[in-house]
Each structure stands twice: as C-alpha cells, then as structure tokens.
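Protein chains get the first letters and strands the later ones, always in sequence-line order, with residue 1 at the start of each.
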2 protein chains.
Amino acid sequence: MFTAVSKKNLSDEIGDQIINKILSGVLSPGNKLPPERDLSLQMNVNRHTLREALRKLDTLGLLSIRQGDGIYIRDFRESGNLELLKHILYLRRDITSDIMKNILEIRRFISPEMAYRAAQNRSEEESEHLKSLLEQDLPVEEKDLAIHQSIARGSGNILYIFILNFFNNIFRDFGALYFSFKENQAASEKFHKNIVKAITEKNPESAKKIMNEILVYAENITLKYMENKYEEI
Amino acid sequence: MFTAVSKKNLSDEIGDQIINKILSGVLSPGNKLPPERDLSLQMNVNRHTLREALRKLDTLGLLSIRQGDGIYIRDFRESGNLELLKHILYLRRDITSDIMKNILEIRRFISPEMAYRAAQNRSEEESEHLKSLLEQDLPVEEKDLAIHQSIARGSGNILYIFILNFFNNIFRDFGALYFSFKENQAASEKFHKNIVKAITEKNPESAKKIMNEILVYAENITLKYMENKYEEI
DNA sequence: TTTGGTGTAATGGTTCAACCAATAATTGAA
DNA sequence: TTCAATTATTGGTTGAACCATTACACCAAA
C-alpha cells in the first residue's frame, strides 16, 4: 500500500548534488574539484561530511582522489560501475525510462542463461532447497525472491548472484505493485513450480525457456506500470 | 615492465579488515557491529577514519547503518554488488582462481552479445569513430580498450558500458602482460580489423562470432598466465 | 641542457573534542 | 496492561588542529 520513504543524511545529499553536476556535464572528466576546504565552505557543510560523500563517489568510480594533489572527475563511461547506474536511474528522471528498458533487455538475456546453468550445475543440496521453498508458506513476493536467489546460487557462477542483486535492487519498488495483482501472483506461482521442476530434473533448455517466458510476461506488465507511474508525475 | 603499486590509506585498510571478517564468516549477517566509538577504539583509529571505511562498505552493500540504532552486517549474497566482487577477488586469494573462471565464463557469454547489438544499433557516428580508431597510431593495448568501449557505446544499451568497465577493471593487470607478446598483439590487430568491419557493415552474426573467437583465444592465454602467476606466489 | 636534490605551498588524510538527531529501552502514570 | 514520557545509546555533524603526500619552483652539479 505504502512504500518506504528514504531519509537521506546530509552526506548523501551532497553526494547526489555532485553526482548530478557530473552527470549533467557541469563537471567534466579531468576537471579538478575545488579543495575540500573550499568545497565544504561553498556547500556549507563540514569537511568531514563532505569527505564521506566524496568517498562514496570514489567507490562509485566517479572520482579520483589523490592526497597532496587534488580530486579529479573521472569519465564515468570508463570507470563507472553498475552501482553508479542505480544512482543515474534515480537522479536523471529524464532518461529513467530508457535505462529501465536497457535493464529489462539485459535481464531477459542473462536470467534465462542463469537458469540454464543452474539446471546444469545445481548441487543436490540446492535442489532440495528449491523444492522446500516451493512448499513453504511465504508471501509470493518473498518466495519469488528466494527462488531466484537459489537459482543464482545453483548456477555455480558467483557473478549471477551479484547481477541478480542488481536487478532486484532496481525492481524492488515494482515488486510490491506487481504482486498486488492476483493474476501476476498466479503466473509467478506457476513459474515457480515449472522452473523448480526443470532445474531439479537437470533440464537446462526447459529451464531457460521457462525463465524467458516469465520475463516476457513480467516485462510487458512492468512497462505498463512504468507508463502509469510517469503519468502520475 | 613495472606495474604500479597501490598505496592504501588507513581508511581502506580498516575497510579491508572488516570486509575480511565478513567474508570469512567471523561476522555473520544480522550481527550488530560494536558502536563506532568502541570500534574505533578497538582498531586504534579515529572515529572519522573508521566512518569513512564504513561508508565505503555501506556502498558495497555489506552494511546497513542506522542512526540511533547501530550498524548491522548484511548478507552480501543478497545485497552485495559487482564492486564488492572485485574486493572479494583481491582479498580472498584462496578462491581467486575460481572467481576468475566465473568472470571469464560470463564475459564470453556477454561480450559477443554486446558486439551483436552494436552491429545492429551502432549509429553512423559510432561507426566512423570505430574506423578512425583502427587507423590511429596507438599502443595496441590502448586501441583494444578504446575499441571495446566504442562497441559498448554502440550497442545502444548503457549497461554494456558498465559491465565492460567491470571486466576491464578486473583484467587490467593482465593486459600489460598479454600485450607484451607479439603474437597476442597480432591476434588483437586482426580482431580489431574484423570486428570493426562486421559492425560498420551491420553484420550482427559475424560480429558475435568474431568477438567470441578472440575471447576464446584470450581466455586460454589468460588462464595460462594465471597458473604461472600462482606458481610465483 | 639535463638531472637530481631541496624547500615551500597546497591538498588530502587523520586526530581530538564536542554537540546534534534519531532510535531503542526504560520508566511510570492511567 | 497499555501507552506516553523520559532516558540512554548510537550514528550524524561540526570545528579546529596537525600529519603526510604531492606538485612546483628553485638551485646545484654533471
């Protein structure tokens, strides 16, 4: 019904402000940022608070901080990471829709392959875990999350786990809306049954196909929701 | 000939220490970290220095920090991101090789698809850029990087750019070694010519195949280098 | 002219001490 | 027992000072 509000601390606000300046081109790659002392004065925050923000941007691949020298803007097209993309998604509302489509496209390409590998590589243990998940009496949304995670772990490739986290992170907000409709719940429950069967039976092609089908289904609905969401704004 | 050494500041050292504790299971998901004041005392660093480390771990998806409450360990299998994987790669030398193979596997799956999309979607501008890159007199290593980036940008999907950054980041060290051999240089130059041709001519299948071939070639060599590297240690 | 040393200023890194703000736990009144 | 007020705990922010590294200008030796 209601979605959580995110309370930001000063440091995050500062960070977002700087990210925006970089993404919008006000600050270009190679540019040197003013010294921390000046910048904190300009932004009217303490140097420590600013430094925490800068450290985050550094972790996102946006800055290059060098003691004794200064702080330089990096080209995020060369050094940015997926975590940054999440920020871009939220901060640049003008291209949010385009990025979402990009993410959906990649997900439809990757997740079926993940299911394929899981059907090949899943351990007996992971197989049992999947089956037990099916029978557990959980909210569909939670069950869905858990099954996808179990598939990622069963794939035998740790990258799928982190890539899946990225997708989940992005679509978290949509999940509540999506699963509020009975027909979507039914579709997911059917999907759960089928995908678990394919994976426990070690049928890669089937697993891939089943994953692809639910993604196509969910994509259409997600896009529809997104359009409505934009109309609200 | 020589590779850059990375000097770490205190804050990063603290961060690595905590990451290690989490990865090795000394700190489990859900566990509460000691208060910042206590922790900084235990680690014999100032609270601010510690806080910068914590903020980084937060960005990596390892911690959940809540004012007035405390700092909790998150399950990195649920909230970790690719940036964290990079740290895991360096900090957990016991599984470095396995993770590398995971990364190579995913790359071989994703990059050909990226090339495919680029051949479909590349703009006239990106096409020209690719061709001009071919003729520029650059070190092979730089040219290789630039061409891959151009392909990612030409794909029309911003995610490929960030995923490519991840790969580049991981294989940066190997690049210097790889391109120090004449035969590898020759292989790459041939690859550059062919992939640019396929993409400018809008031939997706060909682009995909060509990308796959160079990856297979480079993978074998990378794995060989890795084995040697481990023998050194 | 080039190379390497020296000193100085600029700039990020770290420390200390204090207070603010949000949360959780406790207490006590209804 | 319940709920509101109070208190203690804990992360967030501020200010000032000092440390460590780097860039730069300058100089001396080759």
Just by distance, no angles: are the side chains of B/His192 and B/Asp144 close enough, under 3.5 Å, to form a donor-acceptor pair? yes
Give, for atom CG of A/Asn9 and atom CD of B/Gln67, the distance between the pair rounded to the nearest 0.5 Å. 8.0 Å
Evaluate the side chain to side chain contact (heavy atoms under 4.5 Å, CB included) criterion for residues A/Ser111 and A/Arg107: first the C-alpha distance (whole Å), next the side-chain angles of each, then the deciding distance (0.1 Å), finally the verdict. CA-CA 6 Å; A/Ser111 285; A/Arg107 184 175 69 157; 3.6 Å; yes
If I take atom CD1 in residue A/Ile71 and atom P in nucleotide C/dT11, what distance separates them, rounded to the nearest angstrom? 10 Å
dist B/Ile110:CD1 -> B/Glu105:CD (nearest 0.5 Å) comes out at 10.5 Å
Interatomic distance, CG@B/Asp16 vs CD@B/Glu13, rounded to 0.5 Å, equals 8.0 Å
Can you give me the N/O atom pairs linking the protein to nucleotides 5-8 of chain D at distances under 3.5 Å, or say none if there are none?
none

Where along residues 8-17 of chain B does a heavy atom come under 4.0 Å from DNA chain D, residue by residue in number order? none
What is the ring orientation for B/Tyr178 with B/Tyr225, classed by angle as parallel under 30°, tilted 30 to 60°, or perpendicular over 60°? perpendicular
Considering non-hydrogen atoms only, spot the tightest contact between A/Leu159 and B/Asn102 and give its length. CD1-CB, 4.0 Å
Ring centres of A/Phe162 and B/Phe166 under 6.0 Å apart? no
Measuring only between side-chain heavy atoms, which start at C-beta, is A/Ile170 closer than 4.5 Å to A/Leu82? no
Taking the side chain as every heavy atom from C-beta outward, state whether B/Leu104 and B/Phe171 have any pair of such atoms under 4.5 Å apart. yes
Between the protein and nucleotides 5-9 of chain C, are there any N/O to N/O pairs under 3.5 Å, and if so, what are the atom names and distances?
none

Could you run through nucleotides 15-23 of chain D and give me one letter per nucleotide, 5' to 3': B if any protein heavy atom sits under 4.0 Å from the base, S if only the sugar-phosphate is that close, - if neither? BBBB-BBBS
Could you work out, with side-chain hydrogen bond (donor to acceptor under 3.5 Å, both in side chains) as the rule, every residue matching B/Arg108, not counting sequence neighbours? B/Glu219
Nearest whole Å is fine: how far is D/dT9 C1' from B/Glu36 CD? 12 Å
Ignoring hydrogens, what is the shortest heavy-atom contact between B/Ser79 and B/Gly61? Give both atom names and the distance. OG-O, 2.7 Å
Is the backbone of A/Glu126 close enough, under 3.5 Å, to the side chain of A/Ser123 for a donor and an acceptor to pair up by distance? yes
Per the under-4.0 Å heavy-atom filter, residues of residues 50-65 of chain B near DNA chain D come out as B/Arg51, B/Ile65
Is the shortest heavy-atom distance from the side chain of A/Gln149 to the side chain of A/Ile161 under 4.5 Å? no
Under 4.5 Å between any side-chain heavy atoms of B/Ile163 and B/Ile106, yes or no? no
